[in-house]
Enquirer: 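The structure follows.
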Amino acid sequence: MPAQSMDEIVSLCKRRGFIFPGSDIYGGLQGTYDYGPLGVELKNNLKAAWWKANVYERDDMEGLDASILTHKLVLRHSGHEATFADPLVDCKNCNSRWRADHIGGECPNCGSTDLTEPRPFNMMFKTVVGPIEDEESYAYLRPETAQGIFVNFKNILDSTSRRLPFGIAQIGKAFRNEITPRNFIFRVREFEQMEIEFFVKPGTDEEWHQRWVEARLAWWREQGLSSDNLVPYRVPTADLSHYSKATVDIQYRFPHGLEELEGVANRTDFDLGSHSKAQSELGISAKVMENEDSTAKLAIQDAESGKWIVPFVIEPSTGVDRGVLAVLSEAFTKEKLDSGEERIVLKLKPHLSPIKVAVIPLARNKPEITEKAKAIKKELQSAGFGRVFYEDTGNIGKAYRRHDEVGTPFCVTVDYETVGKSDKPELTDTVTVRDRDSMKQERLHTGELAQYVQERLK
Ligand code: ATP
């Protein structure tokens, strides 16, 4: 049985140390969450899987890590200062504030329909840069990582000699002053994005758009999301962002409903074009590109014709936090055991599991067993497949329950037989390995362990 409600996931996340409300001891800061000991592992594993698939396993991608603090001109010429706004309404009865397009004309707090006219509310966080606070000293916390890619387009081109088509991938924080953050980590004010700007020849953009939608759906399935819960949705023209010619949202069936997990947009030449135009107008074009032939500054020379062209851009953009919520919701399972007991088990894909192996000494007060368990832990840790955990905090049943709940694919138990203190000397240096999903146990030689685990983490 999957999760019945968001509450079950929120509660597991807090209980086991995945995710806590931000600034918790002071009552929380709305729209912020902190990732705990297991959350940080899960999040890092998801980001690593994305980076591996999109950067390492392709030959047409470069990576980038641009700064969060962003010059106001970048976000002016990208169109964000003027248009990155949500429609805000006030309820005249209870004074609460809402996003007009989320509430259907009725205050969710008191039910009143006496609302103000919607007015645009810009979602960017402004901050002061430097010691003097005046009208001009402000900058923004970036509302998307994408602009960092566009402003580095020339730097990357010049330092890598790429030809079209190629992409730039980035993972990093983004900030939006959402009017009503809600649904746990689904809609927050500080979040992380995994974005690709994929530059293509104009005219090939529609084909590449389609290819990326398919590639991204396939990747999410590899992270364990089922096809039934992944629903592509072509955004109607009237709802497109200011930069988009076409967008396909990859929606996921979250516990609170079917909502956007990723947007794959055809951003055309909007961003490179508009930054190029701004460069010319501001008179800084010569510094950006010396070549006389170029009419546009953030352009690339076509290998065949030698002409300078502004590429079109396909942008697959997803939120790490929404991804974490999706894989947690999909993995959360309640099972009735033959004994009549219920167990909660997180059936995460092993490569995403925060802990890959728990090594459990059967007796906590027998040094020969605990020392052996620690040695096995150390050896497995050095195999390099992720976190291995020495678990001696409870009895074996409790340890299994805890590791089922946090999605640990393998539990290794070290017992009297392992250390040769039993009437079965042939079992010396063997351990019991328990599989999370089948709960089946098998006896393996310690020397086979690392390979056994490695093979099953893919
Ligand atoms: P929504 O319509 O849900 O507000 P959006 O269309 O504004 O999202 P994009 O600008 O396309 O979102 O951002 C790309 C991705 O970044 C989204 O698919 C989502 O996964 C993530 N994202 C955007 N806003 C938030 C947020 N407030 N909290 C968490 N993730 C977010």
Side-chain angles (χ1 to χ4, degrees), residues 6 19 22 29-35 39 43 46-47 50 75 78-80 83-88 98-103 120-125 141-150 169-197 209 212-213 216-217 219-220 223 225 230-236 238-254 256-267 270-271 313-329:
M6 190 77 96
I19 300 164
L29 177 64
Q30 227 201 342
T32 66
Y33 284 92
D34 297 342
Y35 286 76
K43 202 181 189 203
L46 189 67
K47 290 191 281 183
W50 186 91
L75 291 154
S78 66
H80 285 79
T83 59
F84 196 65
D86 276 342
L88 173 72
W98 303 97
R99 210 174 120 173
D101 57 331
H102 276 173
I103 62 168
F121 170 75
N122 194 296
M123 290 196 289
M124 289 198 292
F125 282 99
L141 303 189
R142 64 184 178 196
E144 57 174 24
T145 64
Q147 293 307 321
I149 297 181
F150 297 126
Q170 174 165 230
I171 301 178
K173 289 259 174 157
F175 300 81
R176 295 182 188 179
N177 199 0
E178 296 278 353
I179 297 166
T180 40
R182 57 183 173 173
N183 294 320
F184 193 34
I185 51 171
F186 177 82
R187 186 174 302 286
V188 282
R189 291 185 168 134
E190 172 174 344
F191 55 100
E192 233 171 328
Q193 290 186 311
M194 304 190 280
E195 294 197 305
I196 293 164
E197 304 304 326
H209 191 204
W212 271 108
V213 171
R216 298 300 306 141
L217 279 165
W219 185 81
W220 282 115
Q223 310 318 307
L225 306 188
L230 285 167
V231 183
Y233 166 75
R234 188 164 277 275
V235 178
D239 297 341
L240 290 174
S241 310
H242 63 275
Y243 49 72
S244 175
K245 164 178 163 185
T247 297
V248 174
D249 283 348
I250 296 179
Q251 298 183 315
Y252 178 74
R253 224 176 289 287
F254 287 98
H256 63 281
L258 188 62
E259 294 234 37
E260 175 180 337
L261 167 63
E262 170 155 355
V264 187
N266 183 342
R267 281 181 95 126
F270 177 85
D271 299 88
V313 179
I314 307 302
E315 176 194 70
S317 166
T318 188
V320 179
D321 313 78
R322 283 189 194 179
V324 166
L325 184 58
V327 296
L328 280 173
S329 324

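First listed ligand is number 1; within each ligand, the first listed atom is number 1. Sequence positions, counted from 1, serve as the residue numbers for this chain.
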Enquirer: Looking at non-hydrogen atoms alone, which of E315, E144, Q193 comes nearest to atom 13 (O) of ligand 1?
Expert: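 Among E315, E144, Q193, the closest heavy atom to atom 13 (O) of ligand 1 belongs to Q193.
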Enquirer: With the threshold set at 4.0 Å, does a side-chain nitrogen-carboxylate oxygen contact exist between E144 and R267?
Expert: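 Yes.
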Enquirer: Show the atoms of ligand 1 that are less than 4.0 angstrom away from any heavy atom in G263.
Expert: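 Taking each heavy atom of G263 in turn, ligand 1 has 18 (O) under 4.0 Å.
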Enquirer: In terms of relative ring orientation, are Y252 and F254 parallel, tilted or perpendicular, with 30° and 60° separating the classes?
Expert: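 Judged by the thresholds at 30° and 60°, the geometry between Y252 and F254 is perpendicular.
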Enquirer: Just need the protein heavy atom nearest to atom 22 (N) of ligand 1, so name the residue and atom and give the distance.
Expert: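 Protein heavy atom with the smallest distance to atom 22 (N) of ligand 1: F191 CE1, 3.5 Å.
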Enquirer: Taking the six-membered ring for Trp, are the ring centroids of F184 and H256 within less than 6.0 Å of each other?
Expert: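 When the ring centroids of F184 and H256 are compared, they turn out to be at least 6.0 Å apart.
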Enquirer: Could you identify the single nearest non-hydrogen protein atom to atom 29 (C) of ligand 1 and state the distance to 0.1 Å?
Expert: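 The protein heavy atom lying closest is F186 O, 3.1 Å.
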Enquirer: List every atom of ligand 1 that sits less than 4.0 Å from any heavy atom of E262, numbering the atoms from 1 in the order shown and giving each element.
Expert: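 The list of qualifying atoms is 18 (O).
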Enquirer: Please work out, at 4.0 Å between heavy atoms, whether the side chain, the backbone, both, or neither of D321 comes within that distance of ligand 1.
Expert: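 No part of D321 comes within reach of ligand 1.
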Enquirer: Please work out which of P181, S317, P316, A174 has its closest non-hydrogen atom nearest to atom 15 (C) of ligand 1.
Expert: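 Of the listed residues, S317 has the closest heavy atom.
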Enquirer: Nearest protein heavy-atom contact for atom 28 (N) of ligand 1: which residue, which atom, what distance?
Expert: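 For atom 28 (N) of ligand 1, the nearest protein heavy atom is V188 N, 3.0 Å.
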Enquirer: Would you sort out whether T247 and S244 count as a side-chain hydrogen bond (donor to acceptor under 3.5 Å, both in side chains), showing the intermediate values?
Expert: CA-CA 7 Å; T247 297; S244 175; 2.7 Å; yes
Enquirer: Between D249 and V264 (side chain of the first, backbone of the second, donor and acceptor by atom type, cut-off under 3.5 Å), is there such a pair?
Expert: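 No, because the side chain of D249 does not come within donor-acceptor range (under 3.5 Å) of the backbone of V264.
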Enquirer: Which is closest to atom 21 (C) of ligand 1 by heavy-atom distance: A265, G31, G319?
Expert: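 Looking at heavy atoms only, the winner is G319.
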Enquirer: What's the separation between atom CD in E262 and atom CG in L230, rounded to the nearest 0.5 Å?
Expert: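 Spacing of CD (E262) from CG (L230) equals 10.0 Å.
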Enquirer: I need the nearest protein heavy-atom contact for atom 4 (O) of ligand 1: residue, atom name and distance, please.
Expert: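 Ranking protein heavy atoms by distance from atom 4 (O) of ligand 1, first comes R187 NH1, 2.7 Å.
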Enquirer: Salt-bridge test for R322 and E259: reply yes if a basic N is under 4.0 Å from a carboxylate O, no otherwise.
Expert: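 No, R322 and E259 are not salt-bridged.
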Enquirer: Give the atom numbers and elements of ligand 1 that come within less than 4.0 Å of a heavy atom of L261.
Expert: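 Going through ligand 1 atom by atom, the ones under 4.0 Å from L261 are 18 (O), 20 (O).
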Enquirer: First locate atom CD1 of I179, then atom CG of D86, and finally report the distance between them rounded to the nearest 0.5 Å.
Expert: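 CG of D86 is found 5.0 Å from CD1 of I179.
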Enquirer: Of the listed options (R176, E260, R322, M123), which comes nearest to atom 11 (O) of ligand 1 when hydrogens are ignored and any heavy atom counts?
Expert: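 Result: the heavy atom closest to atom 11 (O) of ligand 1 is in E260.
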